[in-house]
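Below is one structure, written out as structure tokens; comments come after it.
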2 protein chains.
Amino acid sequence: MRLLPHPATDDIQLTEVLRALSDPIRLEIVARLATYGEMTCTVAGDSLGVHKSTASHHYRTLREAGLVLTKQEGRLKYMSLRRDDLEARFPGLLDSVLLATPVGGHA
Amino acid sequence: MRLLPHPATDDIQLTEVLRALSDPIRLEIVARLATYGEMTCTVAGDSLGVHKSTASHHYRTLREAGLVLTKQEGRLKYMSLRRDDLEARFPGLLDSVLLATPVGGHA
DNA sequence: TTTATTGTTTGACAACTATCCAACAATGCT
DNA sequence: AGCATTGTTGGATAGTTGTCAAACAATAAA
């Protein structure tokens, strides 16, 4: 099991988080992770209507913004939401965004 | 007193709100409006370190995203945060962003 | 070892963004 | 009428973004 590089909780920047969430594709990925928990990139990015390389760029953006944690096991990479870290850094923020973002929704 | 065009509450889009808030200059303007209430563009944009035309573009972005309401009185334009509209549309969102954004702060 | 799976990287490209500057428009004041 | 104030608009520009396609890398499975 190998962990990819992530920003420390204290280094997560509000504007970067908001920017990462401001793309509909990334918001949908985050909503899926919130609803179904940890999943592989392939599952998280299924039927989003974008090329897999595009999805891969979005995974990176989410990771570098501090929204998701990615760990590699074998040939799979598992992503999960950094809920606790985000709650500690920006209380209530993620919850309010998720409340407004149904999975498969209109956002 | 003249009101500029704004999106209706139901037409405010989450991703556009998040995108509007993801710029440090705009976030600072929003934080000022939240702290001090309605103010003119000149006051809201004072000592932000950008040209007045740049600031003007940011006012427009905030208005079109549904974050602020702008009304003209004489030659002044007053901006105010659409707190109630935003709370109705995305409960808790603005508060959590403001909680993480001190005026004159590091965001 | 060969093949399939999973995901990243690089290049290209069009669209968008933030910025400044200069000119303009609208209003109020003298 | 002339001037100052307040803010917007349009042009230019440099940088960023989202996207696809093709090639690649790493791992697992046959």
Side-chain angles (χ1 to χ4, degrees), chain A residues 1-6 13-30 32-33 36 38-65 67-80 107, chain B residues 1-6 13-30 32-33 36 38-65 67-80 107:
Chain A
M1 209 275 291
R2 198 162 59 84
L3 211 61
L4 272 63
H6 299 79
Q13 297 302 309
L14 178 59
T15 50
E16 289 183 31
V17 168
L18 295 172
R19 216 206 125 273
L21 291 172
S22 73
D23 179 275
I25 299 284
R26 287 192 294 262
L27 190 55
E28 171 68 21
I29 293 171
V30 167
R32 289 179 182 186
L33 292 172
Y36 304 115
E38 187 177 75
M39 54 179 74
T40 67
C41 293
T42 305
V43 172
D46 182 54
S47 51
L48 287 176
V50 295
H51 196 278
K52 64 172 180 171
S53 67
T54 302
S56 180
H57 286 303
H58 287 312
Y59 306 148
R60 176 208 269 253
T61 298
L62 290 171
R63 178 165 41 83
E64 290 181 346
L67 277 159
V68 309
L69 186 138
T70 309
K71 57 183 168 182
Q72 180 157 11
E73 279 180 64
R75 68 180 153 180
L76 301 181
K77 281 181 180 166
Y78 290 89
M79 288 192 297
S80 56
Chain B
M1 209 277 289
R2 198 162 59 83
L3 211 62
L4 273 63
H6 299 78
Q13 297 302 310
L14 178 60
T15 49
E16 289 183 30
V17 168
L18 295 172
R19 215 206 126 272
L21 292 171
S22 74
D23 180 276
I25 299 284
R26 287 192 295 262
L27 190 55
E28 171 67 22
I29 293 170
V30 166
R32 290 180 181 185
L33 292 172
Y36 304 115
E38 186 177 74
M39 54 180 71
T40 68
C41 292
T42 306
V43 173
D46 182 54
S47 51
L48 287 176
V50 294
H51 196 276
K52 63 171 180 170
S53 67
T54 301
S56 180
H57 286 304
H58 286 311
Y59 305 149
R60 176 206 267 254
T61 299
L62 289 171
R63 178 165 40 82
E64 291 181 346
L67 276 159
V68 310
L69 186 138
T70 309
K71 56 183 168 182
Q72 182 156 9
E73 278 180 64
R75 68 180 151 179
L76 300 181
K77 282 181 180 166
Y78 291 89
M79 289 192 298
S80 56

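In the text below, chain A, chain B and the rest are named by the order of the sequence lines, each starting its count at 1. The figures here come from the full heavy-atom set of this structure, side chains too, leaving out hydrogens, waters and symmetry mates. Just so it is clear, the model here is predicted, and its values are computed rather than measured.
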Just how far, in rounded Å, is [atom2] of [N] from [atom1] of [X]?
X: Met79(B); N: dT8(D); atom1: CE; atom2: C1'; value: 13 Å
X: Lys77(A); N: dT8(C); atom1: NZ; atom2: C1'; value: 6 Å
X: Leu62(B); N: dT8(D); atom1: CG; atom2: C1'; value: 15 Å
X: Glu64(A); N: dT8(C); atom1: CD; atom2: C1'; value: 13 Å
X: Tyr59(B); N: dT19(C); atom1: OH; atom2: C1'; value: 14 Å
X: Leu48(A); N: dG18(D); atom1: CG; atom2: C1'; value: 14 Å
X: Leu4(B); N: dA26(C); atom1: CG; atom2: C1'; value: 13 Å
X: Tyr78(A); N: dT5(C); atom1: OH; atom2: C1'; value: 13 Å

Reported [atom1]-to-[atom2] distance for the pair [X] and [Y], which is rounded to 0.5 angstrom:
X: Ser56(B); Y: His51(B); atom1: OG; atom2: NE2; answer: 11.0 Å
X: Ile25(A); Y: Tyr59(A); atom1: CD1; atom2: OH; answer: 10.0 Å
X: Arg2(A); Y: Gln72(A); atom1: CZ; atom2: CD; answer: 4.5 Å
X: Thr61(A); Y: Leu21(A); atom1: OG1; atom2: CG; answer: 11.5 Å

Practice task
Using the test side chain to side chain contact (heavy atoms under 4.5 Å, CB included), find all partners of Lys52(B) that sit at least two apart in sequence or belong to another chain.
Solution key: none
Problem - Residue list, side chain to side chain contact (heavy atoms under 4.5 Å, CB included) with Arg60(B), at least two apart or on another chain - result: Arg63(B), Glu64(B)
Problem - Test log, rule side chain to side chain contact (heavy atoms under 4.5 Å, CB included), inputs Met79(B) and Ile29(B) - result: CA-CA 10 Å; Met79(B) 289 192 298; Ile29(B) 293 170; 4.2 Å; yes
Exercise for the section: Taking only the side-chain nitrogens and oxygens of His58(B), find out if one of them lies under 4.0 Å from OP1 or OP2 of dT19(C). Expected result: yes
Exercise for the section: Return yes if some donor-acceptor pair links the side-chain N/O of Arg32(B) with the main-chain N/O of Leu27(B) below 3.5 Å, else return no. Expected result: no
Handout entry: Non-neighbouring partners of His58(B) that pass side-chain hydrogen bond (donor to acceptor under 3.5 Å, both in side chains), sequence neighbours left out
Key = Arg26(B)
Taking only nitrogen or oxygen atoms into account, show me every contact under 3.5 Å that the protein makes with nucleotides 12-17 of chain D, one pair per line with its distance.
unit_1	atom_1	unit_2	atom_2	d
dT17(D)	OP1	Arg19(A)	NE	3.4
dT17(D)	O3'	Arg19(A)	NH2	3.2

Short heteroatom pairs, N/O only, protein and nucleotides 12-15 of chain C, under 3.5 Å:
none

Handout entry: Least distance between heavy atoms, Leu62(A) atom then Ala20(A) atom
Key = CD2-CB, 4.3 Å
Problem - Min side-chain heavy-atom separation Glu73(A)-Tyr78(A) under 4.5 Å - result: yes
Fill in the blank from the handout: Regarding the side chain of Arg60(A), the nearest nucleotide among dT9(C), dT19(D), dC20(C) is dT9(C)
Handout entry: Per-nucleotide protein contact string for nucleotides 21-30 of chain D, where B marks a base within reach and S marks sugar-phosphate only (heavy atoms under 4.0 Å, - for neither)
Key = BB----BSS-
